[in-house]
Amino acid sequence: MQSLINLWNDTGIAHIESGQAIMMLVAFGMLYLAIKKGFEPLLLLPIAVGTLMVNIPGAGMGWSAAEAAIRSGDAAVLAQFRDLLGLAPDASMQAMLDAYHHATAGLYKKALTLGASLGFESGMLYTFYSVTIASGVAPLLIFMGVGAMTDFGPLLANPKTLLLGAAAQFGIFGTVFGAVLLTDAGLMDFTLQQAAAVGIIGGADGPTSIFIASKLAPELLGAIAVAAYSYMALVPLIQPPIMKALTTDAERKIKMVQLREVSKAEKIIFPLAILVLVALLLPSAAPLLGMFCFGNLMKESGVVERLSDTAQNALINTVTIFLGLSVGYKMSSDAFLNGSTLAIIVLGLIAFCVGTAAGVLMAKLMNAVTKDPINPLIGSAGVSAVPMAARVSNKVGLEANPQNFLLMHAMGPNVAGVIGSAVAAGVMISFFG
Amino acid sequence: MQSLINLWNDTGIAHIESGQAIMMLVAFGMLYLAIKKGFEPLLLLPIAVGTLMVNIPGAGMGWSAAEAAIRSGDAAVLAQFRDLLGLAPDASMQAMLDAYHHATAGLYKKALTLGASLGFESGMLYTFYSVTIASGVAPLLIFMGVGAMTDFGPLLANPKTLLLGAAAQFGIFGTVFGAVLLTDAGLMDFTLQQAAAVGIIGGADGPTSIFIASKLAPELLGAIAVAAYSYMALVPLIQPPIMKALTTDAERKIKMVQLREVSKAEKIIFPLAILVLVALLLPSAAPLLGMFCFGNLMKESGVVERLSDTAQNALINTVTIFLGLSVGYKMSSDAFLNGSTLAIIVLGLIAFCVGTAAGVLMAKLMNAVTKDPINPLIGSAGVSAVPMAARVSNKVGLEANPQNFLLMHAMGPNVAGVIGSAVAAGVMISFFG
Amino acid sequence: MQSLINLWNDTGIAHIESGQAIMMLVAFGMLYLAIKKGFEPLLLLPIAVGTLMVNIPGAGMGWSAAEAAIRSGDAAVLAQFRDLLGLAPDASMQAMLDAYHHATAGLYKKALTLGASLGFESGMLYTFYSVTIASGVAPLLIFMGVGAMTDFGPLLANPKTLLLGAAAQFGIFGTVFGAVLLTDAGLMDFTLQQAAAVGIIGGADGPTSIFIASKLAPELLGAIAVAAYSYMALVPLIQPPIMKALTTDAERKIKMVQLREVSKAEKIIFPLAILVLVALLLPSAAPLLGMFCFGNLMKESGVVERLSDTAQNALINTVTIFLGLSVGYKMSSDAFLNGSTLAIIVLGLIAFCVGTAAGVLMAKLMNAVTKDPINPLIGSAGVSAVPMAARVSNKVGLEANPQNFLLMHAMGPNVAGVIGSAVAAGVMISFFG
Amino acid sequence: MAETSLVSQGLELMIFGMGVVFVFLTMLVFVTGFMSTLINKIAPEVKPALAPAAPAAPSAGVDPQLLKVLSAAVKEHRARQK
Amino acid sequence: MAETSLVSQGLELMIFGMGVVFVFLTMLVFVTGFMSTLINKIAPEVKPALAPAAPAAPSAGVDPQLLKVLSAAVKEHRARQK
Amino acid sequence: MAETSLVSQGLELMIFGMGVVFVFLTMLVFVTGFMSTLINKIAPEVKPALAPAAPAAPSAGVDPQLLKVLSAAVKEHRARQK
Ligand code: NA
Ligand code: NA
Ligand code: NA
């Protein structure tokens, strides 16, 4: 009879909490956006499924061996954990979970070892998260694949546009400062690390956001990743009003000089030049930019096509599947359903807007200073969100002048924005390292 | 001169045991079946090679660091292990190995750590097994890939056939009960966990069998996996006599109503509906069914084709290679050459037969009750073994009536059988959890 | 202000050492050879990028958690490490690093655990190295892929050529003995293990070299891998002079009997025959030859084409990327910029030359003894370096007689050389095991 | 005693197991039926009037479209062989 | 006090961050420009006189080249379907 | 003394190494020869009478087979580009 009770206790209905139900609705919302609206489905669909899974009551797919042990409720097990965590003998299960989640690295690992040695197993999503995100490997491999898909040609033809990619990073740092000010004013409640992790959304670059969030504020990773990918999908809605508000019709009609052709040698040496600059100036950006340049070098060298092909296909696809599910691990109701998420959604949007504006204004400044005309509309592409932002520049440009194709011109700042936000990420790692 | 003796002691001839020789013959038998007879070669070929490797005397490809340390025979090393395992100072090497293999999770891990810290290395097959099967990850990834290859269309067009997939699971549970009765009668010697792991063979689903066996009875995993895949390959021989014995010629001639077309929206929502039901009713089935539905959603959503393609090809193939070799790890002579294996072979066959019969009888019952005619031959497809069982239904149907194509009708119960055995697996995990 | 100082201290310029700068030049040299000269780019390009990354000052991409902790300079952290490593309280950071790098396996692992428990993270390249090379898995998977690409047809048509593959291994063992003699003469300074690892370069087989070096002399792995791949690329320059010096024009003109066709059954059974021989004679070669034969069996059986395809493409490419980067981990300045590297370069070249000569001389001997004529030029292909060495045989043959195509005849000894060096590797593992 | 217990546990597992399997799949039958009805009511799939997905290639000669496809195939094939 | 410190730290991060980003990318502008100039001076890419990469297929009929390509495509396609 | 020992160990490794390599590969020569003889005796491969593997495509026009192949190639190509 006991097993019948076990079985009932094992059903989800017996245990579902409102938070979990809400998170399931959030997951369905993401699925709707991914499938029906085409919002970055490659990430949002796995994230949504991961969110569904982690919120199945009692399934424990997001539990570590330690959490599974504590939640088992077994008196002997609990006693050992109370000892390890230094809690009073009457500490509640929730108190133990809290102590475990906020333990130092050493204690956290001891708890994991204890749980495993008592025969408990970590859930699938926890395992995926540990291997892909906590280790930092998955974002790096995605960066490698993206590097192998990136063409630096337009950027090399007009290297000045790197500055547009620099300016747009003000979306990141301005937002960090804004979050700090709002916290100071008592309107939000972020540490500096958290503010930095939120600001990186303005980099409009998914893997960079996940990489930084996993290092500086893993407790916010779910919301940050979802916000980053959602806003990247919303670039065609977010950017045009800002672009139009900051430019005159005449500016939007500016025709740019045709881009020169770029030689193979330049394309091969460019990623190496970035690597050398990283080595000399900002070693903390070495993992992200190193893998990015490695991917690009594999592509441009032309001598390792089979590796480049795998990096762009089987490997990046595999990593994307696991990365998405793993982000889902951070979408538990207690991590997501709180004020921070709301603040992240607001600040993330602000970051995108500020970045867009900074890019456009920088382009206007450069247009005023340099010889060759620069259409300010390509400035917005500096936020990255490759290639969506460049397409937006092109589209808004065509509205002003149906003969003016800005796509190629905008691809320069667009890929510059990827470099720019990786540099910004390096600064953060170095700042908090 | 010592090294010459080393070398001779290192040759296999000096050490081969009859058990290992027999297991090599078993491996060659599997290779013959895989290559010449086409028995599920994707799994049986790697399993056979793994079996060969693990039985190479002295190669230690299936040894953990702890086993390698103990087998090293070094006095100082043995002393430390005797201490750890709590054995008398005169305990034999075999006694130490036995104590190690039957140690609790905590002690087992301490032994591994001790072996590694003394500089011993785990063999390749042990490593593969730990990463792919002991972690539970490989069967889940295969389920994801299978999900991405599955078309629920025929099932959605005739959802009643889900009941056929339910009935066929009696092959699982009937066999469990049979094994328990035979143990009670003293004819076999299984624990309830072992009986459950053996019964799951009746699910006719390889990854599910491996997943459950690795959790409930890892010591039987090798025999269970081989039996499961072998009988799946033998479906065209096992099922027809049973199907014919249980049906009249008139029944076998029954024509079924043409299946309606199923819309894309239904196909997208169906895997989500399963997931929600899992969340509400049977969270312990969440890993298996979750990954299955995730794979299917990737396919049907149509927005992540590159992920779906990788899940169906590079990823599932890679996992299959490692899974097969890892099953081989469990095909050591002492694990395989004993009475249990014989019992597993007999019970596995019974499970298949019972499942087939249950499916056919359920179809007859439904035919008697429902409006639309149901050809009982599609009931046997409820055991899964996709798509072989459905083809068998079709073939036997054509023998009775050369104009009657049952293939599509049988695909419904066929994929229902996959869901059914995953649910059965969830029940077992919950029952023993 | 402190963070500004942090940032400056974090730049590479502030820290670069001449060794690191030189290693970067070495990396650029490798890139030049890989991209411009086509020297084994699949490996040398990733190795070069790994070399660049590991030598970025301050980036710590090759640091383990323990090394990162020690280099942090934090007094409390250092105290704990001094305790663990048994050093005096005034031991310098360098002394601690040295003690850590030369610690026993057990102590080394404890140091890693301590570093991780203090919240330090291992660098990306260290992680890749641990997972791919230190575990021994990557070379094995590459061997599997190579097996799946290998056609044993020419070898089966003329199995005597196996002896050429045997003779060429004298390049390995002769070099080992030479290195020992030179050490005895005080000209070099190798242990026997190191000499063996250097000698294996003469096997002209990259994965075998890495596999053996990782087991016998990981401190030399970087130089050994680079030397092995470089000389494999240089085969067209190294071999012809030796081949011409050791043969007469008449010998080079020898026409060989057309190879018979080989049946599918022979091709299927051959890898199994190797496996059985390995099991009986040399279990220590089981991992390398086992995976090689497994790959070949997947290909020749024809029943698991999707697995064979993945082994030859997505899987081997992925492993190659990580293997290359991981070799880079061993290309730090202190590991590479020393006398050993120079000695390795010299001895590696000698090994190639000796192997080539031994192969040619063996072919001359066989030609004198056997009935069917053997062109001595195919003997040089016994060093492996598939298929470059066979092409060299063909080319030199065509110079002597424009009608004499030796390519297929040379493919026999060429793949025999792969088996031969794997056997040699097995001997070494057994010798030092 | 222990053996009786084993048998009764086995019986329990069988009954619960088949019970849950049937409950689960029966509910799935209803959920699926309900879902399909709902979907076909609120969002019936509009069948396209079977327009030729791609205009048929001109009936003779090797047209440019064809050449493009071929060159793509060739390129891919070459890329693979490298 | 603590809050002031947070604000000042945030300001510092912003200034340093944007500073480093601009310094890095500005240096990259110069390095890139320098590199391109250098490359185009010492090793200008020789443009092939736009020779047709592959001779155009004969205008009518299915030529052997075409058949080869097709069979390759078919083979690949089949290999994939297995 | 230690050095002598190193040299003698090196010699030992060389002799054993070459010995095992030759023994192994020589045995493989015999095993292979034996296997081939056996196979060709008990199960000689029946050579098909060199029938054209695939019937040659009709000599003119774009036949349906061709179109099928092309559409497969196109589909694949498109799938890849997504
Ligand atoms: Na960006
Ligand atoms: Na089933
Ligand atoms: Na070799």
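Naming: A, B, ... by sequence-line order, numbering from 1 per chain.
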Using only non-hydrogen atoms and a strict under-4.5 angstrom cutoff, which residues of residues 156-173 of chain C touch chain F?
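Residues of residues 156-173 of chain C touching chain F at under 4.5 Å: C:Leu156, C:Pro159, C:Lys160, C:Leu162, C:Leu163, C:Gly165, C:Ala166, C:Ala167, C:Gln169, C:Phe170, C:Phe173.
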
Listed by residue number, which members of residues 362-372 of chain C have a heavy atom under 4.5 Å from any heavy atom of chain F?
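Those residues of residues 362-372 of chain C which have a heavy atom under 4.5 Å from chain F are C:Met362.
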
Region of F:Val31 in contact with chain C, defined by heavy-atom distances below 4.5 Å
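Side chain only.
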
What's the separation between atom [atom1] in [X] and atom [atom2] in [Y], rounded to the nearest 0.5 Å?
X: F:Gln9; Y: C:Phe431; atom1: CD; atom2: CZ; value: 6.0 Å
X: F:Ile39; Y: C:Phe270; atom1: CD1; atom2: CZ; value: 11.5 Å
X: F:Phe24; Y: C:Leu282; atom1: CZ; atom2: CG; value: 6.5 Å
X: C:Ile274; Y: F:Thr32; atom1: CD1; atom2: OG1; value: 7.5 Å

Is the closest side-chain heavy-atom distance between [X] and [Y] below 4.5 Å?
X: C:Val176; Y: F:Met14; result: no
X: F:Leu6; Y: C:Asp184; result: no
X: F:Phe22; Y: C:Val423; result: no
X: F:Asn40; Y: C:Arg260; result: yes

Count the heavy atoms of every other residue, nucleotide or ligand shown that sit under 6.0 Å from CG of C:Asp151, and state whether that count exceeds 12.
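Yes - once you tally the heavy atoms of other residues, nucleotides and ligands closer than 6.0 Å, there are more than 12.
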
Nearest atoms (heavy-atom pairs only) where F:Met35 meets C:Glu266
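Nearest heavy atoms, F:Met35 then C:Glu266: CE-O, 3.5 Å.
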
Segment of C:Phe190 engaging chain F (4.5 angstrom heavy-atom cut-off)
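Just the backbone, heavy atoms under 4.5 Å.
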
Measuring heavy-atom distances to chain F, does C:Ala195 have an atom under 4.5 Å in its side chain, in its backbone, in both, or in neither?
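No part of C:Ala195 comes within 4.5 Å of chain F.
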
Under the side-chain contact (heavy atoms from CB on, under 4.5 Å) criterion, do F:Ile15 and C:Phe177 qualify, and how do the steps go?
CA-CA 10 Å; F:Ile15 295 170; C:Phe177 189 55; over 6 Å; no

